[in-house]
Undergrad: 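First the structure, which I've put down as structure tokens, then a few questions once you've had a look.
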Amino acid sequence: MKALSLSGFRHRASAQRSAWIAALALAASMTSTVRAQDTGAESLDLGQLSYISGGIGADESAAMKAQASSYSLALIFAQHLDGQDVFLASVPVVISKDDGTSVLDIVTEGPYLLVNLPEGIYRISATYGQREKTANVQIKPWAHERRTFLWEELGSAAVSTTASAPTVVAAAAAPAPSVVVTTPTSHLPAAKTYGNVSYITGGIGSDESNALKAELGKHPLSLTLASRIDGKDVFLASVPVVVRDASGTVVLEATSEGPYLLADLPPGNYDVSASHKGEEKRGSAAISAGKPARLTFLWQGSATP
């Protein structure tokens, strides 16, 4: 397994990068016979399933981010190590259908894996340092899903990325330099919609976390999700969140993609609920013009072995 520091990415040879970028442009038309051991940051087509793996170096990382919304599923692999987040490569990943049939079995070529999957429910398994993390995802034809697999240091808190045990992201992570030199606002995740409600969710990695922190209070509802594990506060991802208006109607239902969720809600009174490891937290948000609401849900618990 390779651990790639955010400040220590190495550029690949120019010819290899050019070939990879060209492959992005031809992704829609490429067809290849693919085995689990195939490598290279190129778009590979398996009938209804196509994918790209890579993201080593600023150029590949920026290109992968630009392509992410074109794929139904985006996976990111990282580890919290020595007080900073580092990206990972050479992570074995298996994606299986709901019935257990494997549809993709590869070793990643960088911290990003973008996959186009047919509509359905899938189980994702990723292994780093002999520690497996899993996540379930439902692919819909009109939606883009993202999951982050983040491993803690050996001996630190480690929680699997499952519906009942969300990803844990260290709250006290020291800022790590970004590999893409842009203004912080460029690191904001793309906005999503649920009905008529627009929202942003994320906060994995120092660049995205800082960008979202700068947005707290600028949206009618700002939600922070965290847990106290073994005496240390950690941030959470993959937490189901539901927002209901005063009549009990669901106006927003989403799974967080990091510790922050910012929603653009009209003025009114709302009930906000979030679930982590089977425990539901609820809060009330009174939103009026010029008066946003900020909620923090903090769970108490111990580390999962």
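Note that these values count all heavy atoms, side chains included, but never hydrogens, waters or copies made by symmetry. All of these numbers come straight from a predicted model, not from anything done at the bench.
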Undergrad: Could you list the residues that satisfy salt bridge (charged side-chain N to carboxylate O under 4.0 Å, His left out) with Glu253, not counting sequence neighbours?
TA: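 Testing Glu253 for salt bridge (charged side-chain N to carboxylate O under 4.0 Å, His left out), a comparison that skips the adjacent residues, returns none.
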
Undergrad: Identify the two heavy atoms, one from Phe235 and one from Ala226, that lie closest to each other, and give their separation to 0.1 Å.
TA: CD2-CB, 3.9 Å

Undergrad: Considering all heavy atoms of both residues, which atom of Lys133 and which atom of Leu150 are nearest to each other, and what is their separation?
TA: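 Looking at all heavy atoms of both residues, the closest pair is CE-O, 3.0 Å.
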
Undergrad: Give me the atom names and distance for the closest heavy-atom approach of Leu212 to Gly202.
TA: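 Where Leu212 meets Gly202 most closely, the heavy atoms are CD1-C, 3.2 Å.
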
Undergrad: Please say yes or no: joined through hydrophobic side-chain contacts below 4.5 Å, possibly via intermediate residues, are Leu298 and Val234 part of one cluster?
TA: no

Undergrad: Given side chains that start at C-beta, do those of Tyr260 and Lys213 come closer than 4.5 Å, heavy atoms only?
TA: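 Yes, close enough: below the 4.5 Å cut-off.
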
Undergrad: Could you measure the distance from the OG atom of Ser227 to the CG atom of Leu236? Nearest 0.5 Å is fine.
TA: 5.5 Å

Undergrad: Between Leu113 and Ile106, is a side chain to side chain contact (heavy atoms under 4.5 Å, CB included) present by the stated rule, with each step listed?
TA: CA-CA 10 Å; Leu113 175 61; Ile106 67 164; 3.6 Å; yes

Undergrad: If you define the side chain from C-beta out and look only at heavy atoms, does anything of Tyr270 sit under 4.5 Å from Leu221?
TA: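 Heavy-atom side-chain distance check fails, nothing below 4.5 Å.
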
Undergrad: Under the rule for side-chain contact (heavy atoms from CB on, under 4.5 Å), what residues qualify as partners of Glu279, not counting sequence neighbours?
TA: Lys281, Trp299

Undergrad: Which pairs pass side-chain hydrogen bond (donor to acceptor under 3.5 Å, both in side chains) with one or both residues in residues 285-294, sequence neighbours excluded?
TA: none

Undergrad: What pairs with Arg123 under salt bridge (charged side-chain N to carboxylate O under 4.0 Å, His left out), at least two apart in sequence or on another chain?
TA: none

Undergrad: Only counting residues at least two apart or in another chain, list the ones meeting side-chain contact (heavy atoms from CB on, under 4.5 Å) with Asp98.
TA: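 Once residues adjacent in sequence are excluded, the partners of Asp98 under the side-chain contact (heavy atoms from CB on, under 4.5 Å) criterion are Ile121.
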
Undergrad: One pair to check against side chain to side chain contact (heavy atoms under 4.5 Å, CB included): Asn269 and Asp245. What are the steps and the verdict?
TA: CA-CA 6 Å; Asn269 295 316; Asp245 62 16; over 6 Å; no

Undergrad: Where is the tightest heavy-atom contact between Leu225 and Gly258, given as atom of each residue plus distance?
TA: CD1-O, 4.3 Å

Undergrad: Measuring from Ile52:CD1 to Gln67:CD, what's the distance to the nearest 0.5 Å?
TA: 5.5 Å

Undergrad: Closest approach of Ala285 and Leu295, non-hydrogen atoms and distance?
TA: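 In this case the closest contact between Ala285 and Leu295 is CB-CD1, 4.4 Å.
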
Undergrad: Looking only at non-hydrogen atoms, find the nearest pair between Ala293 and Ala286 and report the distance.
TA: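 In terms of heavy atoms, the two residues are closest at CB-O, 4.3 Å.
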
Undergrad: Under the rule for side-chain contact (heavy atoms from CB on, under 4.5 Å), what residues qualify as partners of Ala143, not counting sequence neighbours?
TA: Lys140, Glu145

Undergrad: Do Ser53 side-chain atoms and Glu109 backbone N/O form a donor-acceptor pair below 3.5 Å?
TA: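 Yes; judged by distance alone, with no hydrogens or angles, the pair exists.
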
Undergrad: Is Leu216 close to Lys218 at the side-chain level, that is, under 4.5 Å between some pair of heavy atoms?
TA: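 When only atoms from C-beta onward are counted, Leu216 and Lys218 do not touch, as no gap falls below 4.5 Å.
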
Undergrad: About how many Å separate OG of Ser273 and CZ of Arg244, when rounded to the nearest 0.5 Å?
TA: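 It is 5.5 Å, given to the nearest 0.5 Å.
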
Undergrad: Run the side-chain hydrogen bond (donor to acceptor under 3.5 Å, both in side chains) test against Ser125 and tell me which residues pass, sequence neighbours left out.
TA: Glu132

Undergrad: Pairs under 3.5 angstrom only: tabulate donor-acceptor contacts from the side chains of residues 192-200 to other protein residues two or more places apart or in another chain.
TA:
{"residue": "Lys192", "atom": "NZ", "partner": "His144", "partner atom": "O", "Å": "3.2"}
{"residue": "Lys192", "atom": "NZ", "partner": "Glu257", "partner atom": "OE2", "Å": "2.4"}

Undergrad: Should Ser102 and Val94 count as side-chain neighbours, where that means a heavy-atom distance under 4.5 Å?
TA: yes

Undergrad: How would you list, by chain and number, every residue that makes a ring-ring contact (aromatic ring centres under 6.0 Å, His included) with Phe297, sequence neighbours excluded?
TA: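 Listed in chain order: nothing, the list is empty.
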
Undergrad: With His219, which of Ile287, Leu262, Leu261 fulfils side chain to side chain contact (heavy atoms under 4.5 Å, CB included)?
TA: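 The side chain to side chain contact (heavy atoms under 4.5 Å, CB included) with His219 is passed solely by Leu262 among Ile287, Leu262, Leu261.
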
Undergrad: Hey, are the side chains of Met64 and Leu114 touching, using non-hydrogen atoms and a 4.5 Å cut-off?
TA: yes

Undergrad: In the structure I gave you, are the side-chain heavy atoms of Arg146 and Ile76 within less than 4.5 Å of one another anywhere?
TA: yes

Undergrad: Taking the side chain as every heavy atom from C-beta outward, state whether Leu117 and Tyr122 have any atom pair closer than 4.5 Å.
TA: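 Leu117 reaches Tyr122 side chain to side chain.
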
Undergrad: Could I get the full list of side-chain hydrogen bond (donor to acceptor under 3.5 Å, both in side chains) partners for Ser284, not counting sequence neighbours?
TA: none

Undergrad: Going by salt bridge (Lys or Arg N to Asp or Glu O under 4.0 Å), name the pairs with one or both residues in residues 259-275, residues two or more places apart or in two chains.
TA: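 Found Asp271-Arg282.
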
Undergrad: Yes or no on side chain to side chain contact (heavy atoms under 4.5 Å, CB included) for Leu252 and Val242, after CA distance, side-chain angles and deciding distance?
TA: CA-CA 6 Å; Leu252 174 61; Val242 179; over 6 Å; no

Undergrad: For Ala126, check side-chain contact (heavy atoms from CB on, under 4.5 Å) against everything at least two apart and list the hits.
TA: Phe77, Val91, Val93, Phe149, Trp151

Undergrad: With a 4.5 Å limit on heavy-atom distance, are the side chains of Ser50 and Tyr71 in contact?
TA: yes

